[in-house]
Amino acid sequence: MNMQEPDTSVLLPIREISRLTGVNTVTLRAWERRYGLLKPTRTEKGHRLYSHDDVQRVKTIQSWLVRGLAISKVKGILNSETADDAEAGIDSVWLEYSARIETALTQLNRAALAGLLNELVALYPAEIIADQLLAPVLEKLQIATEYGARTKLAFLHSLVLEHFYFGHYRQRQTAKGKRVLVVNLNADDSDILPLILNYSLLVNTFQAEYIGYLPLPELVFAVEQTGAEGVVLYSDSAIHLGNLRQQLLEWQQILMIPVFVAGKITRMFIEERNVIQHLMAGDNLQAVLATLTQTFTEQ
């Protein structure tokens, strides 16, 4: 082997470590350049190559970010030798981001909100951003009664969709995995969380397609025409729950692919899991992503 060229048989290119961890390549580069969290080997042409230890390191970083550790403190925690040191480093980074997003929404400040979204997406996987920040903000705005709350919600909706629709195009170019159809069960529900789920699926190389709200009777047609190998039915409300129960039972006889139910609606099905025999993927995006990845890996 050339001493100047690493053995690529035991190292992974950046797109492969992205596929294995679900962290997009932009974020991996930011973790390396800005925070020194990764130190990939370089080929003579400058391409990054990662070891299998790096895969585990990325997963460990993700686990700390979920718990609220600021990205700037992760390197120190990774080098810490005791659990006490790690626990002491946990802070309220998501509360800080929540305050920043609230300020931007109160001012209807497009530049501030767009800049915050760019910062977040560069540092954190999209599903973590959704679960730790956007879902709580959305829930708060949806139940708020004060003057201006509807405007804030509409403003947030517009900018987040704009941001992630743009990201979809880039991620779709390299998605070569299973075809997954993401459907919003309620026409009145926000598109933000199912759209971000779709984006995260693309980052994880699923050929995901979000088509928004779809009446339940049309699902079979959509599956047939898109060639979907799995479906995610997303809802954060219990609307038409009785109809959905019956429809799921019918789909057991019709569809030959897994049908995942996601969002807060899954809380309503806990006692019926064995009866329905479909996959309750969870009420947060990280759980949904983990369920789909495990299901298709085992096939």
Does atom CD of Glu139 have more than 12 heavy-atom neighbours from other groups under 6.0 Å away?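 For Glu139, atom CD is not crowded (no more than 12 foreign heavy atoms under 6.0 Å).
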Got a sec: does the CZ of Arg179 have more than 12 other heavy atoms crowding it under 6.0 Å?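 Not buried by this count: 12 neighbours or fewer within 6.0 Å.
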Between atom [atom1] of [X] and atom [atom2] of [Y], what is the distance when rounded to the nearest 0.5 Å?
X	Y	atom1	atom2	value
Glu209	His168	CD	NE2	8.0 Å
Tyr124	Trp94	OH	CH2	5.0 Å
Leu20	Asn204	CG	CG	9.5 Å
Leu141	Arg150	CG	CZ	7.5 Å

Does any N or O in the side chain of [X] come within less than 3.5 Å of the main-chain N or O of [Y], such that one atom is a donor and the other an acceptor?
X	Y	answer
Asp283	Thr266	no
Gln173	Tyr169	yes
Ser18	Ile14	no
Asp189	Asp236	yes
Ser51	Leu11	no
Gln207	Lys178	no
Asn198	Pro194	no
Ser98	Leu95	no
Ser158	Ala154	no
Arg29	Asn24	no

Any side-chain heavy-atom pair of [X] and [Y] under 4.5 Å:
X	Y	result
Tyr35	Leu123	yes
Glu32	Tyr50	yes
Thr174	Thr205	no
Leu38	Arg57	yes
Glu119	Tyr97	yes

If you look at every heavy atom in Ala222 and Ile211, which pair is closest and at what distance?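 For Ala222 versus Ile211, the nearest heavy atoms are CB-CD1, 4.3 Å.
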Single-linkage hydrophobic cluster Val231~Tyr213, side-chain heavy atoms < 4.5 angstrom: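 In one cluster with Val231: Tyr213, no.
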